[in-house]
Amino acid sequence: MIIAVDGPAAAGKGTLARNLARHFGLAYLDTGALYRAVGLAVLESGGDPHDPETATSAAKQLGFDLFDHPDLRNEATGEAASAVAAIPAVREALLSFQRTFAENPPGERGGAVLDGRDIGTVVCPETPFKIFLVADPAVRAERRVKELRNRGVEAISAEILRDMEHRDAQDKSRTISPLVPARDAFVLDTTELDADAVFAAAVDFVNAKNGMN
Ligand code: C5P
């Protein structure tokens, strides 16, 4: 079983994906962390994340050391991730790792949950379990501010909203793997829902699909 969870920034993908993985006993991969690690590697080397050669070489040499970096979750890293993510050779370099993880998940699990932007459309288009989360931008910005504050990072809502909308626009308008729901995705608006309600709706969807297959 492969469950794809896609959607814009701070729509609740990570929380839902982790909850689904625990519930169904599946492995979990945060694919945004891969793009963030590439973006961060470029920033750390003083390079330009928009430069295809620099970003592609960082993607090809990606190690696991950056995944614990304190700056991985910063908005600046998110912006750099969005820049490198628009470069086709970067996406190509990260694709096989994601597909291998989905098809042969670690720990002999019976499947995997992947969250990102193009899991249902490009990485695992064959899976019937595709969930696409959406939410009002102002609500998403508030959630991100709360998340940052919980980690001890002070953030200004208006700035987070502006950065997030810029990143979403970039992710939606790129020519390769744009952020768009797959035609057969279950689109769930989480604006008015808490994490438990989102989880319950997603479990219902997966179980209903399972019964139909
Ligand atoms: O999910 P997260 O906000 O950590 O992702 C950071 C950036 O990585 C996104 O804004 C997007 O540009 C890129 N990304 C992507 N495809 C994915 C996951 C993330 O393009 N599957």
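Quantities reported herein were computed from a predicted structural model and do not represent experimental measurements. We count ligands from 1, going down the list as the structure has it; atoms in each ligand are counted the same way.
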So is [X] polar-close to ligand 1, meaning N/O to N/O under 3.5 Å?
| X | result |
| --- | --- |
| Asp115 | no |
| Lys13 | no |
| Asp30 | no |
| Tyr35 | no |
| Thr31 | yes |
| Arg144 | no |

With clusters defined by side-chain heavy atoms of hydrophobic residues (ILVMFWY) lying less than 4.5 Å apart, directly or transitively, does Ile156 cluster with Val139? no
Hydrophobic cluster identity match, Val134 and Ile131, side-chain contacts under 4.5 Å: no
Donor-acceptor check, side chain of [X] to backbone of [Y], threshold 3.5 angstrom: yes or no?
| X | Y | answer |
| --- | --- | --- |
| Lys13 | Gly7 | yes |
| Asp71 | Asn74 | no |
| Arg117 | Asp171 | no |
| Arg140 | Ala135 | yes |
| Thr56 | Glu53 | no |

Parallel, tilted or perpendicular: which one describes the rings of Phe186 and Phe205, with boundaries at 30° and 60°? parallel
Does a side-chain N-to-carboxylate-O contact under 4.0 Å join Glu159 and Arg162? no
Any ion pair linking Arg91 and Asp118 (charged N to carboxylate O, less than 4.0 Å)? yes
Considering only the protein, which heavy-atom contact is closest to [atom], and what is its distance?
| atom | answer |
| --- | --- |
| atom 6 (C) of ligand 1 | Arg167 NH1, 3.5 Å |
| atom 12 (O) of ligand 1 | Asp171 OD1, 2.6 Å |
| atom 1 (O) of ligand 1 | Arg117 NH1, 2.9 Å |

How does [X] reach ligand 1, if at all, at less than 4.0 Å between non-hydrogen atoms: by side chain, backbone, both, or neither?
| X | answer |
| --- | --- |
| His166 | neither |
| Arg36 | side chain |
| Ala85 | side chain |

I'd like to know whether ligand 1 has Arg91 as a neighbour, heavy-atom separation below 4.0 Å. yes
The one among Ser82, Ala10, Gly32 that brings a heavy atom closest to atom 5 (O) of ligand 1: Gly32
Go through ligand 1 atom by atom and flag the ones less than 4.0 Å from a non-hydrogen atom of Ala81. 6 (C), 7 (C), 8 (O)
